[in-house]
Amino acid sequence: MPETGIREITFAEAVREALAEEMRRDSRVFIMGEDVAEAGTPFKVLSGLVEEFGTARVVDTPISEAGFTGVGVGAAMTGLRPVVDIMFGDFITLTMDQMANQAAKVHYMSGGKWKVPMVMRTTLGAARRSAAQHSQSLHAWFSHIPGLKVVLPATPYDAKGLLKSAIRDDNPVIFFEDKMSFKLKGPVPEAEYTIPLGVADIKRLGTDITLLGTSSMVQVALEAAVMLEQAGISAEVVDPRTTWPLDEHTLIESVKKTSRAIVIDEGYGRYGVAAEIAATIAEGAFHYLDGPVKRMGAMHVPIPFSPPLEDLTVPTGKTVFDTAMKLCGRS
Amino acid sequence: MAISVVMPALELTQETGKLVSWRKKEGDAVARGETLLEVETDKAVVEVEALADGYLAGVKAKEGDVIAVGRTIAWIVDKGEPAPADEAPAAAAAGVAPPVARARASAAPSGDAAISGARMKISPKARRLASELHVNLDSVRASGPGGEILASDVEAAAKAPAPSVAAPSAGAKLESLTAIGRLMAERTTQSWTTVPHFFLVREVDASALQQTRERLTASADASLSGKITHTDLLIALVARVLLQHPRLNASWTRDGIQLHPEVNIAIAIAVNDGVIASVIPSAHAASIAEIAAQRRDLAERAKSGKSRPQDFAGATFTISNLGMFQIDSFTAIIPPAQAAILAVGAITDRVVAINGQPAVRSMITLTLSCDHRVVDGARGAQFLNDLAKAIAEPRQLLR
Amino acid sequence: MTTVSDPTRTSAGVGVEKWLRMYRQMMAIRLFEENVNELYTRALMPGLAHLYIGEEAIAVGVCEALRPDDYVTSTHRGHGHCLAKGASPKLMFAELLGKEAGYCRGKGGSMHIADPATGNLGANAIVAGSVGIATGAALSAKTLKSGQVAVCFFGEGALGQGVLYECMNLAQLWKLPVIYVCENNMYTEYTHFSETTAGDIPARASAFGVRAETVDGQDVRAVHAVATDLADRARRGEGPAFLLCNTYRYRGHHVGDINREYYRSKKEEQQWLAESDPIKNFAEWLKSQKHADASTLGTIDSELRAEMDQAVKFAVGAPYPGADEVDQDVYA
Ligand SMILES: Cc1ncc(C[n+]2csc(CCOP(=O)(O)OP(=O)(O)O)c2C)c(N)n1
Ligand SMILES: [Mg+2]
């Protein structure tokens, strides 16, 4: 990144910029979802877009997730490029048939004749005391389905570059934004750029252990890496950025170098993204591993409301630090 | 035409071999039959011969590498010919693979260096490093959180002076291990600590055996160019009796008991550094003369350190005879991947009761060690029983 | 099938005691929610708080028409439904603060209060998430011949969800004793219902043959009368009903929704407050009918205030659940 023309903006602003730039560039791009227009979503991520693009391109919908997601699929097949907004990631459950059976399969089932250039934007992450139905990280569900791409940006820079690529992609792409990251600030160039889907990013170089973090857990991994440095352990932090396509090469090479790995993902720890990445590493770097590949994810419970309980369910810098120390034989 | 040099498969359950040394280097001219490299298997260090005339090229393995059997490690090419890039199919490659079907032929190649490490807790990286650094895992201190050997432990062991179990007292001489000595240590430790042994002892009247031996040695049969030993007779009899007792000619595997169609008898031969077990393949079908000739060749090669890979290949049952050392009886450790071993003592005159009267007979004590996972007491006893009968009347089986 | 409730039915068969009880219940909800507002703004309450202020007549009017063992399902804006069905403010506050003494051991919070003792199948944070549950409860009641009725409360936002129509169809086919109570407070989160709702709302129910009624949701007597009819009817086996209650939420979508002008005007809010406060209007009626005087009502108010103060104190002082609670109750 060149020094010039870089400013610090928030994650939410980066998302907004990506949308605005793509909407200016391509008149087929439009946004559709609950309270996206004047309200600009409950998180105010889209504030100002309706003023620029009008209600024909920033469209408020009824609370009909299945319906408007399906409408998005059809519109994408026939000449528009919808960005469908699902307010909370928990509500993707309502869109599952449209996404898993329709959007994901249309291209394949038609022998490549129909395309679904659609983006679904939604959220993940706990820690807002929002209880069991507003706190989940369900990106594993979509990652499981062939035909869908899944993006998990962790920084403002990544959010902007990846969202622009997602919008330009001719496949259905689900873009998960961590609710707790919206106010995160980071450097973003003023000049146009995109980040290809399927390229991992090494967020911090290290030699003793690889912390593979996704989305919300990248910051947690970085926090742990700072603590580990004080303990004399050099942690590398790798962010796959997309669960599918998955940049297996970068993940495996990092672990080959460090010989230890912890995968940290906010989805439920079992049967999830962390498990898949851990398996990828176990297969690809087996003879380089000096300990088991550890998974850290949300505890296998519905996210509780009570703050002291909720805090137990999600990995933190401290719990990652503790796990890393143990794995390095230091506790 | 380029001919591949592969890591030879020499054992029933062998998955990998370790390249001990190249006797030729890249570009050297080699003649068919010349020793090309030395390979360490589970059982021994063997010399592998060149299968063709030509030049060594495309050497892909270095000394110390542990390589899956059947994998191409170099090529013998014509002068100026480049080494092929692609691996030739393993089966077509060398012809050194034993004729015996291998028990776990489909098992994925693994990087395991020391089989003795199979049951210890050890990280995959440490295991790989141990093979690369020639570190014997038995001697490595484990520092992992769960008592596992970690990469740093292997590295420390590689840097440390030769490991010793007890601190040597002043003036004590440390004899470093030869390859065969180390293998013997690892193999017997592994077997003794993982195979549930039990032992059956039987005294047998060996008079008929002695008579048969004398008769055969004295006979003018032109095919017999030398002496017949008790061991030769025992090999022939044991092999024939084993045909009736498939469980004793078998291997324990995780998936079940592997019964071997061929009887390949290994005989333990004492050499300078330890014991090696040379194999007489298909001993159940070989004549006594063939057995004797083969046994002589094997022993000569073993004692002069010229064993060939196939000399160790595919044993399914082992006989160990310490009669020549005046041992009356002993118990033997079962070689890995076999179900039993027969320990044979010296033939001595003993007083025995015959029809209530004391009589002097030539007696021999047989001790059968069995793997209880494969053979139970009754099965082992029936085998010994049938063997005793065969020894009492050798002609029955030897035509 | 769409009828607007007849105001002359409103007094039939209801005695003074019951009227005063309705007043007390509405006032309890109002005061409870004002305490929630304060707890939230003082950062004592985690999460989000969706207040029911302004809509009290619906929960009370309907629940007073129900038996204690009748079922209700509720929403993210559910405190009023829970209290009207008989929940204890003490245990509710404790739940809202995430305390172990709360109805759900602190694990549910404001949006998930459930209480079998009062027939409360649970509040739901998924819009229309409890339509299936309520309809299923009605199926049980019918199958087990328990004589119970199930009431499904939801905001008009739930009209956007397909599951509502799937369930109404089933309920009418199977003549299930369920009443779908749609609280049209005119806004979803920040969008006026006219922008999200096509056609005539009750006609959606009557299209299935479901009995549909519309009532002034600010008039507890009217709500109570029609709810009584519908519950009796359902209990007699005559099938489901849909009750559209027109109402207004006096506060933001949640406590933090302060600047609302971009979606609704101050003038509109003030008009509803001035003309349609369900409690104020009901108090006037009670006085005009000589069912109560100002001091009777004042006594009720101060009793309630004392009760709420006590309840808040209890909840604030109550301990959080221990760490070992976190993986309890995942499975039955
Ligand atoms: C399926 C689903 N979509 C979106 C939301 C987010 N959300 C919570 S409350 C709400 C508005 C609900 O409006 P309404 O049903 O009218 O109830 P009110 O808040 O007005 O009582 C929305 C969209 C949700 N909880 N569930
Ligand atoms: Mg509403």
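Sequence lines set the chain letters: A, B, ... in the order given, protein chains first and strands last, and positions in each chain run from 1.
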Compare every heavy atom of [Y] with every heavy atom of [X], then report the nearest pair and how far apart it is.
| X | Y | result |
| --- | --- | --- |
| C/Gln161 | A/Ile63 | NE2-O, 2.7 Å |
| C/Glu189 | A/Pro42 | OE1-CG, 3.3 Å |
| A/Ala131 | C/His112 | CB-CD2, 3.6 Å |

Is it the side chain or the backbone of [X] that comes within 4.5 Å of chain A heavy atoms, both, or neither?
| X | answer |
| --- | --- |
| C/Leu164 | neither |
| C/Asn124 | both |
| C/Val127 | side chain |
| C/Leu97 | backbone |

Between [X] and chain C, with a heavy-atom cut-off of 4.5 Å, which part of the residue counts as in contact: side chain, backbone, both or neither?
| X | result |
| --- | --- |
| A/Ala39 | both |
| A/Thr93 | neither |
| A/Phe88 | neither |

Counting heavy-atom pairs closer than 4.5 Å to chain C, which one of A/Arg129, A/Met87, A/Glu34 comes out on top?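 If we count pairs closer than 4.5 Å to chain C, A/Arg129 comes out on top.
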
Quick check for you: among A/Thr61, A/Val301, A/Leu309, which has the greatest number of heavy-atom pairs under 4.5 Å with chain C?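 Going by pairs under 4.5 Å, I would pick A/Leu309.
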
Specify which of C/Asp257, C/Val330, C/Val163, C/Ile126 makes the most heavy-atom pairs with chain A at under 4.5 Å.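 Most pairs with chain A among the choices: C/Ile126.
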
Give a yes or no on whether the backbone of C/Gly98 and the side-chain of A/Ser306 come within a donor-acceptor separation of less than 3.5 Å.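 Yes, A/Ser306 side chain to C/Gly98 backbone: donor-acceptor pair under 3.5 Å.
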
What distance separates [X] [atom1] from [Y] [atom2], expressed to the nearest 0.5 Å?
| X | Y | atom1 | atom2 | answer |
| --- | --- | --- | --- | --- |
| A/Asp35 | C/Tyr187 | CG | OH | 12.0 Å |
| C/Glu195 | A/Thr55 | CD | OG1 | 9.0 Å |
| C/His76 | A/Ser130 | NE2 | OG | 13.5 Å |
| A/Asp60 | C/Tyr263 | CG | OH | 13.0 Å |

Tell me whether [X] at atom [atom1] has more than 12 heavy atoms from other residues, nucleotides or ligands lying less than 6.0 Å away.
| X | atom1 | result |
| --- | --- | --- |
| A/Lys183 | NZ | no |
| C/His254 | NE2 | yes |
| C/Lys90 | NZ | no |

Show, in sequence, the C-alpha distance, side-chain angles and deciding distance for A/Glu38 and C/Tyr262, and conclude whether the side-chain contact (heavy atoms from CB on, under 4.5 Å) test is met. CA-CA 7 Å; A/Glu38 287 81 6; C/Tyr262 69 91; 4.0 Å; yes

Quick one: is the NZ or CZ of C/Lys99 closer than 6.0 Å to the six-membered ring centre of A/Phe305, and within 45° of its axis?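 No, a cation-pi geometry is absent between C/Lys99 and A/Phe305.
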
